[in-house]
Amino acid sequence: MNKNKFYVTTPIYYVNSKPHLGTLYSTLIADVAARWNKLLGKQVYFLTGTDEHGQKVEEAAQKNNKAPKDFVDSMIPAFKNTWQNFELDYNKFIRTTDKEHEQAVTSLLNILYNNNDIYKSTYSGWYCVPCETYVTINPEIKKDQDGKYLCPTCNRVLKELEEESYFFRLSSYQDKLLEFYEKNPDFIVPKEKLNEVISFVKSGLKDLSISRKNIKWGIPLPWDNTHTAYVWSDALTNYISAIGFGSKDQKDIENFNKYWPADLQVMAKDIIRFHAVYWPSFLMAANVALPKKLLVHGYILTDGAKMSKSLGNATDPNELANLFGVEPLRYYLLRQMSINQDGHFDIQDLQTRIASDLANNLGNLLNRTVTLAINNNLINVSAPEALEPKTVALKEKCEAAYRSFWDAMNHYQFHTALSELWIFISQVNAFFHEQQPWTLAKTDKEMFEEVIYAVTHSLYVIGVLLWPVMPKKSQELLSAIGHDFNLNNNYEQDLRNNIWNKKFVLNKLNEPLFIRPEIDMENSDSAKKDSSLETKITDIQDFINIEDFTKVKLIVGTIIECEPVAGSDKLLKLLVDMGSLGKKQVLSGVAPYFKPEELIGKQGVYVQNLKPRKMMGLDSNGMMLFAKDESGNMRMVTVAGSVDNGTRLS
Ligand code: ME8
């Protein structure tokens, strides 16, 4: 088996409406997985496309006064343009109306029919047209006020059907499926979804209706053209038809053998049963290998409801991209959504992340470093012969960040990977501030160059790792330090080895890497169209994220000595005991409020890592926290109960 290839697929989307944030999210996940595997040096094939047959589309075409094929053709540009706008670099866009696909479905169905896996009978039951699925009636199925059954997925009225249909012998695959799940416990990410599938299969599989007699808009069954293939037996086949299944052409056969089985099939939980039960049984029946992994992501929610085109609360990704930029939106979706859980899309949060993570933490770091270096005539930056211990510590953090990022990406936990990377970005920022290169530029040229080198190398690693998520920003960042992103570079080995010997040439950026959004949402067209965008963006508070908060070291400490500072009405000199962290002298402007003896023995909260400064010729290291009450009296910030000195607040 070719271990050096990576085949990733998205669901093929129904064409009854335009792409939305939810379908963008699935396609983006596949794109990032594809790019990450390219970065690891693999040959990648990324497939997406559209699901165009069936009753739903037939009805939508009728409503639009169009022939079905004209209707589906008219919907394709919306998908292709949106995916292009979002830099989704797929290899193939398959449509179920493509000739090769129709041929592949015919081949697959013929194989199943000839193997006696398909038989004719009568279907009687309940069908959901919007979901294109049969629903088994059980006590949990709800009814509307007229007593009509409602679909458990989309809440719409079910239709009763009784018609002749062909059935696939799904029931005879129950044991084989269970054996497969047992042997492949990693078949589904996250694991609990596999357990749900196992329970469903164990509860007993019924044979599956795979054709519809009265629906003309579909692929006719090869042995009975009065029936068309039921949408799922048609749609699921796209994953193999796109890479050459069923073709006699030698090139197609080679392509199919090269890429199948798929390494990753991305979807949300609504269609897991089709992919984890029906799809593997069709493949088993045709003696074709099963996909290696299904990645089941959560729903993007707006106001607690799943965003979907049929429910009518979809946010237009292109409008959002116009307001916030394509790549910041890509970043936000991956960073904010914990991949296997549902998550809320929140405009305010989106703009906070852009301002804080992108513009502040990353963009400013690049800008400050490059500007400071160039202003001090440092343009060609090369590695120092030996590194100071503080630089070695940063280098070690860089290696650790790469490893954590690598691990999270390989498990498709993109939010974790990005959070790890931003922790590293905070560490680089902290290094920059602690080293004070603006002072070193005047006092210690050699150390100045070392600090600039260390930050630049760190930015190089950050830039490369960002490529799967923000390809253009990654390139812009790398250009600013004199590198080009090139997939021929063996980045995997390069970053793993963490050898700091590269040369950099610094260039000033023409404009900042990221711009803080300052959009008046009330007057924006897209805000008017979509109530979920109603937040007034200019009202944003200056939020910090958790990484920013954790930069502040708040420690519990007891004041063991306290005396006035000679010559000052305001200052008291405190000695704070922080247990194992030692004792520190702090100057505090609270003399008008306390007699020294009132503070001695009091336990309070101390900011440990505030930059030391001198007041009245005395050192002050850190700060003790106080709060003024309504009457203007000062109160010391304390912890309820007694805590060991030196305990960090969290
Ligand atoms: O089910 N959040 O097509 P579909 C996250 N044609 N992802 C979402 C989402 C949301 N709010 N809404 C939709 C079909 N998705 C079939 C698939 S495959 C052989 C046939 C994504 O247009 C998610 O991936 O209804 C979900 O599984 C898919 O779109 C459903 O797309």
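One-based numbering, in listed order, for ligands and for the atoms of each.
Within the listing of ligand 1, atoms 21 (C), 23 (C), 24 (O) sit less than 4.0 angstrom from a heavy atom of Ser26. Every atom of ligand 1 with a heavy atom of Thr23 under 4.0 Å away is listed here by number and element: 29 (O). Close approach to Asp270 involves these atoms of ligand 1, each under 4.0 Å from a residue heavy atom: 26 (C), 27 (O), 30 (C).
With respect to Asp89 and Lys38, a salt bridge is recorded, a charged nitrogen being found less than 4.0 Å from a carboxylate O. Contact check on Glu196 versus Lys193 returns a salt bridge, with a Lys/Arg side-chain nitrogen under 4.0 Å from an Asp/Glu carboxylate oxygen. Here Lys292 pairs with Asp263 in a salt bridge; the nearest charged N to carboxylate O distance falls below 4.0 Å. Using a cut-off of 4.0 Å between Lys/Arg side-chain N and Asp/Glu carboxylate O, Arg212 and Asp234 are scored as not salt-bridged.
Ligand 1 lies nowhere less than 4.0 angstrom from a heavy atom belonging to Lys269. Taking a 4.0 Å cut-off on heavy atoms, Tyr239 registers as neighbouring ligand 1.
No cation-pi contact links Lys92 to Tyr45, judged by a cut-off of 6.0 Å to the six-membered ring centre and 45° from its axis. For the pair Lys473 and Phe514, the cation sits on the ring face: its NZ or CZ lies under 6.0 Å from the ring centre, inside 45° of the axis.
Here atom 6 (N) of ligand 1 lies nearest to Asp51 when heavy atoms of Asp342, Asp51, Thr237 are compared.
Polar contact check, Leu236 against ligand 1: no nitrogen or oxygen pair lies under 3.5 Å apart.
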